[in-house]
Amino acid sequence: AAVMAQCRHCWRLYQATPSHMQTRQFKVAVIGAAGGIGQPLALLLMTNKLVTELAVHDIEPTTGFRKDLSHMDTGCQVKAYFGSDQMKTAIKGADIVMITAGMPRKPGQTRDFLFDTNAPIVAKAAALVSEHSSHALVGIITNPVNAVVAVAAEAMKKCGRYDPRRLFGVTTLDVVRAEKFIGDHMEINPRKVRIPVIGGHAGTTIVPIFSQCQPPFEGDKECIESIVKRIQTGGDEVVKAKAFKGSATLSMAYAAARFTNALMRGLKGEPGPPECAYVESDATDSPFLSTPLTFGPKGIAKNHGLPELDEREKQQLKVAVDALKKSVSKGVKYME
Ligand code: NAD
Ligand code: LMR
C-alpha cells in the first residue's frame with residue numbers, strides 16, 4: 001500500500017500512504033455549508049485529524065468553495081453537494097451531520113421569528129438522516145434551537161428511527177461565551193474556565209451555573225447578574241453589531257467545531273470532559289434540556305443531569321423550563 005512521495009521541505013523521498021488509503025476516521029456532513037457558519041465550520045473541520053471525509057451541502061452551489069477547501073494539505077477529502085435532491089447523498093454514511101441550514105435573524109427579531117422558515121428545513125434534513133444514515137449523530141445549529149430540535153425528533157419518529165442519544169441542539173456557543181466573559185472578568189485564560197450552561201438557547205432559557213464554575217467565580221451578586229445577562233443576550237449583541245448582515249457566524253463555527261470534536265472523541269471511545277447540549281431529558285418538566293453530557297460510540301453515554309444549583313439558579317431554571325415547554329410544544333404541534 002505504501003508509495004514514495006517527495007518531502008515538500010527537503011525534496012527527499014519518503015514512504016507515504018496515499019490519502020485514499022489512510023485510516024478512515026469519520027465522515028461529517030455539513031448541511032447549509034455555503035452559509036456564514038457553514039463555511040468557517042467546514043474550514044475548521046478540514047483541519048481536524050478525526051475528520052477524513054467532509055460532505056458540504058447547500059441549496060446554493062458548493063463546488064467553488066469545495067474546490068478551495070480541497071487544496072488544503074490535510075488528511076480530509078471534501079465532497080460537494082447542492083440542491084435539495086443531493087442532500088441525501090451528502091448525508092449517506094455520515095457519522096455526524098451538522099445542520100446549520102436556514103435563515104439567521106435581523107435586528108429586532110427574536111429567534112422564534114425564524115421558526116416558520118427554518119422548521120421545514122430541519123424537518124427535511126432530520127428525515128433524510130433517519131432514512132440514509134440512521135446511526136449518525138445530529139447537531140442542530142439552526143434557530144430557534146429550543147423548538148426545532150423537537151421538530152427534528154418528531155420527523156425522526158415518523159421514520160421510526162428516532163434515537164434520543166443521537167440528537168443534539170448545539171448550545172456550545174453559550175458555554176464559549178460564558179467561559180470568555182468570565183475569563184476576561186477574572187483576568188485568566190478563558191480556556192481554563194469550565195462552567196455548565198443549562199436550559200436552552202434563547203434569552204432567559206440560557207442558564208449559566210456560576211455556583212459550579214471552575215475555578216470558583218470571583219465577584220459579587222451584581223457582577224454575576226451582569227455577566228449572566230451578557231451571556232443571555234450575546235446573540236443580540238452580535239446581531240446588533242452586524243447591522244442587518246446576519247448573526248454570529250465565526251464564534252458559532254468555532255463552538256460547533258468544538259462540539260463536533262467532542263462527539264467524535266466519544267465515537268472513538270475516548271471522551272473528553274462533559275459538554276452541554278440540548279437533548280431529550282427527564283431532569284425537569286421540559287422534554288428537552290441542555291445539561292452536561294459525556295459522549296460515547298452511540299452518542300450520549302451519560303447525561304449528568306442538573307448540576308447542584310443555588311437558590312438564584314433554581315429560580316432561573318424554573319423560568320427557563322416554563323418557556324422551553326412552550327417551545328417544545330410548538331415544535332411537536334408543527335409536526336402533527
Ligand atoms: P446564512 O444565511 O449565512 O447561511 C444559511 C445557509 O443555509 C445558506 O447558505 C442557505 O443557502 C442554506 N440553506 C437554506 N435552506 C437550505 C436547505 N433547505 N438546504 C440546505 N441549505 C439551505 O446563515 P448563518 O449565519 O450560517 O446561520 C444559520 C442558522 O444558524 C440560522 O438559523 C441562525 O440563527 C443559526 N445560529 C445558531 C446558533 C446557535 O448557537 N445554535 C448560533 C448562530 C446562528
Ligand atoms: C447566537 O446566539 O448568536 C445565535 O443564536 C444567533 C442569534 O440569532 O442570536
Side-chain angles (χ1 to χ4, degrees), residues 99-127 138-158 162 164 167-175 177-178 196-209 225 228-229 231-236 239 247-248 252 276-293 300 303 305-307 309 311-336:
I99 302 174
T100 184
M103 203 153 68
R105 66 186 168 129
K106 297 180 178 61
Q109 293 176 342
T110 61
R111 293 177 181 84
D112 193 50
F113 182 88
L114 306 170
F115 183 85
D116 291 344
T117 309
N118 291 350
I121 300 173
V122 171
K124 181 185 172 189
V138 181
I140 298 187
I141 295 167
T142 307
N143 270 318
V145 169
N146 291 357
V148 295
V149 173
V151 168
E154 294 303 309
M156 290 169 154
K157 282 180 199 164
K158 284 196 174 174
Y162 173 54
L167 177 64
F168 308 90
V170 181
T171 57
T172 323
L173 182 55
D174 303 316
V175 179
R177 284 180 177 139
V197 180
I198 65 170
H201 176 68
T204 51
T205 68
I206 301 168
V207 185
I209 307 302
E225 274 166 14
V228 166
K229 181 105 187 129
I231 297 163
Q232 290 177 335
T233 57
D236 307 73
V239 168
S247 55
M252 181 60 235
C276 292
Y278 184 68
V279 297
E280 190 176 302
S281 167
D282 56 12
T284 64
D285 287 348
S286 172
F288 287 86
L289 194 80
S290 187
T291 46
L293 310 168
I300 301 173
N303 185 334
L306 294 181
L309 308 176
E311 278 315 310
R312 188 187 43 85
E313 291 157 353
K314 280 183 193 157
Q315 281 310 314
Q316 287 175 344
L317 180 62
K318 194 171 166 309
V319 172
V321 166
D322 287 345
L324 288 172
K325 278 164 44 186
K326 291 188 191 122
S327 297
V328 174
S329 311
K330 182 171 179 172
V332 173
K333 265 207 196 96
Y334 172 80
M335 290 302 290
E336 270 166 13

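Hydrogens, waters and symmetry mates play no part in the numbers below; they use all other heavy atoms, side chains included.
Using a 4.5 Å heavy-atom cutoff, the side chains of Val197 and Ile209 are not in contact. Contact of the Met252 side chain with the Thr100 side chain is not registered, since no non-hydrogen atoms from C-beta on lie closer than 4.5 Å. Taking 4.5 Å as the limit, every side-chain heavy atom of Lys106 sits out of range of all side-chain heavy atoms of Val239.
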Next on the checklist: side-chain contact (heavy atoms from CB on, under 4.5 Å), that's the test. Do Leu317 and Ile198 meet it? Break it down for me.
Outcome noted: CA-CA 8 Å; Leu317 180 62; Ile198 65 170; 3.9 Å; yes
Next on the checklist: The test is side-chain contact (heavy atoms from CB on, under 4.5 Å); show your working for Tyr278 and Leu324 and say whether it passes.
Outcome noted: CA-CA 11 Å; Tyr278 184 68; Leu324 288 172; 3.7 Å; yes
Next on the checklist: Please evaluate residues Val328 and Asn146 with respect to the criterion side-chain contact (heavy atoms from CB on, under 4.5 Å), reporting the C-alpha separation (whole Å), side-chain torsions for both, the decisive distance (0.1 Å), and the verdict.
Outcome noted: CA-CA 7 Å; Val328 174; Asn146 291 357; over 6 Å; no
Next on the checklist: Assess the residue pair Leu289 and Leu306 against the criterion (side-chain contact (heavy atoms from CB on, under 4.5 Å)); give the C-alpha distance rounded to whole Å, side-chain angles, the decisive distance to 0.1 Å, and a yes or no.
Outcome noted: CA-CA 10 Å; Leu289 194 80; Leu306 294 181; 3.8 Å; yes
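For Ala152 against Ile140, the heavy-atom pair with the smallest separation is CB-CD1, 3.4 Å. Residue Ala127 comes nearest to Ala155 through the heavy atom pair N-CB, 4.3 Å, listed as atom of the first residue, atom of the second, then distance. When all heavy atoms of Ala150 and Gly331 are compared, the pair lying nearest together is CB-CA, 4.3 Å. Closest non-hydrogen pair, Ser286 versus Val321, comes out as N-CG1, 3.8 Å. A pairwise comparison of heavy atoms in Ile141 and Val145 identifies O-CG2, 3.6 Å as the closest pair. The two residues Pro292 and Pro196 have their closest heavy-atom pair at CG-CB, 4.0 Å.
One N or O on the side chain of Thr142 and one on the backbone of Ala101 form a donor-acceptor pair closer than 3.5 Å. No side-chain donor-acceptor contact under 3.5 Å links Glu280 to the backbone of Pro164. Distance alone, capped at 3.5 Å, places no donor-acceptor pair between the Gln315 side chain and the Arg312 backbone.
Distance CG/Asn118 to CZ/Phe113: 11.0 Å, rounded to 0.5 Å. Taking NZ of Lys325 as the start and CG of Asp322 as the end, the distance is 5.5 Å to the nearest 0.5 Å. Between Arg177 atom CZ and Gln232 atom CD the span is 12.0 Å, to the nearest 0.5 Å. Here the CE atom belonging to Met156 is positioned 8.5 Å from the OH atom belonging to Tyr162, to the nearest 0.5 angstrom. If you take OG on Ser247 and CG on Asn143, they are separated by 7.0 Å, rounding to the nearest 0.5 Å. In this structure, Ser327 OG and Phe288 CZ are separated by 11.5 Å, a value rounded to the nearest 0.5 Å.
Qualifying side chain to side chain donor-acceptor pair (under 3.5 Å) partners for Lys314, counting only residues two or more places apart in sequence or in other chains: Glu311. Residues passing the side chain to side chain contact (heavy atoms under 4.5 Å, CB included) test with Ile300 are Arg165, Phe168, Val279, Leu293, Asn303, sequence neighbours excluded.
No more than 12 heavy atoms of other residues, nucleotides or ligands shown are found within 6.0 angstrom of NZ on Lys326.
Comment: Asp285 does not engage Lys318 in a salt bridge, judged by the lack of any side-chain N to carboxylate O separation of less than 4.0 angstrom. The pair Lys333-Glu336 does not count as a salt bridge, with every side-chain nitrogen at least 4.0 angstrom from each carboxylate oxygen.
When the options Thr205, Thr171, Thr172, Asp174 are evaluated for a side-chain hydrogen bond (donor to acceptor under 3.5 Å, both in side chains) with Ser290, the one that passes is Thr171.
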